[in-house]
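Please read the structure below before turning to the comments.
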Amino acid sequence: MHARIIARVKRRRGQSTVRWVIGAAIALSLIAAAFITYRLLRPTVTVTEVVEGPVVQAFYATGTLQPVREFPIKSQVAGTLAKVLVEKGDSVKAGQPLAVVTDPGLDFRQMQAEAEVREKRARAEAKTSPVLQEFEARAGFTVELLVIAQREEQRVTSLLKQNAASQSDLDRSLDRVKELSKELESLKAQLAAKKLEVRKDLEVAEAALKIANWNVEEQTLRSPTDGVVLDRPESMGTRLKENDHIMQIADVRPEKLVMRAAVDEEDLTNVRRNQLVRMTLYSFQDAAPFEGKVTRIYDKADPERRTFEVDVTIDRPNERLAAGMTGELAFIIEEKATSLVVPAQAWQNGAVYTVRGGRLEQLKTTRGLRSVERLELLDGVRPGDRVVISPVGNLKPGRSVRAEYLDPVAAANLNKPRQKEAFKGFN
């Protein structure tokens, strides 16, 4: 009996131990599950490191390589395009003939002006002018009459002294001399006036001939500069009105091209002459950025896009540069060679956050220069410190969070402007 009681007590003790072990295991499982659930339900934030490196404050714009100036070649006269002396892509020199526009009326007016000049010149030259010769003949005849009248005056004066003539005879001879002298002076004045008149007529005719010659010369269109024909000229035989477009000329040598950027109006106040600009062309994506300087700022905005044109001259242009290439331009406002930098998205709600002891914490720091990709921190951090770059949203400092690490370079590259995809051909 005593043995049975002892066996029964041992069995009860064993069952109690098993129940305790099972309960403890269940409790531990519940605690572990709660801990895992707690860890999994905590918000996750992405962090990266504070690094030392260069920082640049800049704004960005798109641009297109263009000639400084393009020259439209237009018809100077209304007529027919008789000759086209160049084709698209041809290199031309300043003054080189490009095309000929003919107008028969201009040729006729040139011949008419030449004939009038010959006539006016003949009228202006004493040897061939019938008008001048007439006045000179009349003046010569009047001189002869005056000589005769003067001899008659002398004769009458001599006779009057001998009482062989009367005073009235002398008066008549004197009047005759005066009349002829007056007529001679009048003829001389008329001759001088006629010379001025025919000379004026000659000059007017010569001016008309110059205009006629110029109009005929304008039928031949010449290049205003060294350059290249940019578009395909109009076809021969085309009937043109005055000022109709025929072709476009421009100097497109790489050293003569400028990057013409479209700057948003809110960024225009940060643009200045000789400002450093770094350019990434889509055609040279694997090459280092080109550098240049602002050379011209245009005053009027595009009324539709509300952008201002800014010309940037490239310092060392590549020989493969061509008009029409496009790219991204970074207008440098300020830069530092070495500073404490973080990805630009680390600045949130006017502050920078970190994770310490599994909890979100706000750092006391001051922002410096800022670019699209990176941000300078002036104080409150050291290299290697970690900052939050994912949106904290409504999370408050002290909130328990999980941290996931991202490389600083990869984090900064998230802010790069998306590059235009290159054309890869048709499928």
Check: Is there side-chain contact between I249 and T225, with heavy atoms separated by less than 4.5 Å?
Finding: yes
Margin query: Between M325 and Y282, is there a side-chain heavy-atom distance shorter than 4.5 Å?
Written below: no
Checklist line | Whether F331 and F59 hold their rings parallel, tilted or perpendicular, with breakpoints at 30° and 60° | finding: parallel
Check: Do L230 and V252 touch side chain to side chain, with heavy atoms closer than 4.5 Å?
Finding: yes
Next item on the list: Identify the two heavy atoms, one from N318 and one from P254, that lie closest to each other, and give their separation to 0.1 Å.
Entry: O-CB, 3.5 Å
Next item on the list: For a side-chain contact (heavy atoms from CB on, under 4.5 Å) with L240, tell me which candidate from V77, D103, I246, T80 qualifies.
Entry: I246
Next item on the list: For D267 and D264, indicate whether the former's side chain and the latter's backbone hold a donor-acceptor pair under 3.5 Å.
Entry: no
Check: Step by step, would you call S181 with L146 a side-chain contact (heavy atoms from CB on, under 4.5 Å)?
Finding: CA-CA 7 Å; S181 297; L146 179 59; 3.3 Å; yes
Next item on the list: Decide whether R402 and T44 meet the rule of one side-chain donor and one side-chain acceptor closer than 3.5 Å.
Entry: yes
Margin query: Return the CD to OG1 distance between Q133 and T128, rounded to the nearest 0.5 Å.
Written below: 7.5 Å
Next item on the list: Say whether E217 and N213, considering side chains only, have a donor N or O and an acceptor N or O under 3.5 Å apart.
Entry: no
Next item on the list: Establish, from distance only, whether the side-chain atoms of D379 and T366 form a donor-acceptor pair under 3.5 Å.
Entry: yes
Item checked: Any E49 side-chain heavy atom under 4.5 Å of Y405 side chain -> yes
Notebook entry, point to check: Checking R138 against F141: charged group under 6.0 Å from the ring centre and within 45 degrees of the axis?
Noted result: no
Notebook entry, point to check: Counting distance only, does the side-chain N/O of T307 pair as donor-acceptor with the main-chain N or O of A262 below 3.5 Å?
Noted result: no
Next item on the list: State, with a plain yes or no, whether a side-chain heavy atom of S91 is found less than 4.5 Å away from one of D226.
Entry: no
Next item on the list: Return yes if some donor-acceptor pair links the side-chain N/O of D407 with the main-chain N/O of V409 below 3.5 Å, else return no.
Entry: yes
Item checked: From CG (L375) to CG (L369), nearest 0.5 Å -> 9.0 Å
Margin query: salt bridge (Lys or Arg N to Asp or Glu O under 4.0 Å) for R278 and E328? Distances and angles first, verdict last.
Written below: CA-CA 8 Å; R278 294 192 177 99; E328 302 278 348; over 6 Å; no
Next item on the list: Please round to the nearest 0.5 Å and tell me the distance separating atom OH of Y60 and atom OG1 of T280.
Entry: 8.0 Å
Checklist line | Side-chain heavy atoms of K188 within contact of L191, under 4.5 Å | finding: no
Margin query: Under a 3.5 Å threshold, yes or no: a donor from one side chain and an acceptor from the other, between Q57 and E334?
Written below: no
Notebook entry, point to check: Under 6.0 Å from the CD atom of E319, do we count more than 12 heavy atoms belonging to anything else shown?
Noted result: no
Margin query: I want to check something: taking the side chain as every heavy atom from C-beta on, are V388 and V392 in contact at a cut-off of under 4.5 Å?
Written below: yes
Check: Are Q190 and S186 close enough that a side-chain donor and a side-chain acceptor fall under 3.5 Å?
Finding: yes
Check: Are the side chains of P397 and E361 in touch, meaning some heavy atoms are under 4.5 Å apart?
Finding: no
Margin query: Nearest 0.5 Å, please: how far is CG in L170 from OG in S158?
Written below: 11.5 Å
Checklist line | Distance, nearest 0.5 Å, that separates CG of L377 from CH2 of W347 | finding: 7.0 Å
Check: Is there a donor-acceptor pair under 3.5 Å between the side chain of Q275 and the backbone N or O of N270?
Finding: yes
Next item on the list: Answer yes or no: is there an ion pair linking E185 with K182, defined by an N-O contact shorter than 4.0 Å?
Entry: no
Item checked: Donor-acceptor contact below 3.5 Å, side chain D107 vs main chain P104 -> no
Next item on the list: Evaluate whether atom CG of D299 has more than 12 neighbouring non-hydrogen atoms of other residues, nucleotides or ligands under 6.0 angstrom away.
Entry: no
Margin query: Please determine whether the number of non-hydrogen atoms from other residues, nucleotides or ligands lying under 6.0 Å from atom CZ of R239 exceeds 12.
Written below: yes
Check: Going by atom types alone, do S166 and D169 pair a side-chain donor with an acceptor below 3.5 Å?
Finding: yes
Next item on the list: Quick one: do N215 and Q219 satisfy side-chain hydrogen bond (donor to acceptor under 3.5 Å, both in side chains)? Show the steps, please.
Entry: CA-CA 7 Å; N215 284 331; Q219 294 181 117; over 6 Å; no
Checklist line | Any donor-acceptor N/O pair, Q345 side chain to A411 backbone, under 3.5 Å | finding: yes
Item checked: Side chain R260, main chain V68, donor-acceptor under 3.5 Å -> yes
Notebook entry, point to check: Rounded to the nearest 0.5 Å, how far does CG of L221 lie from OG of S75?
Noted result: 6.5 Å
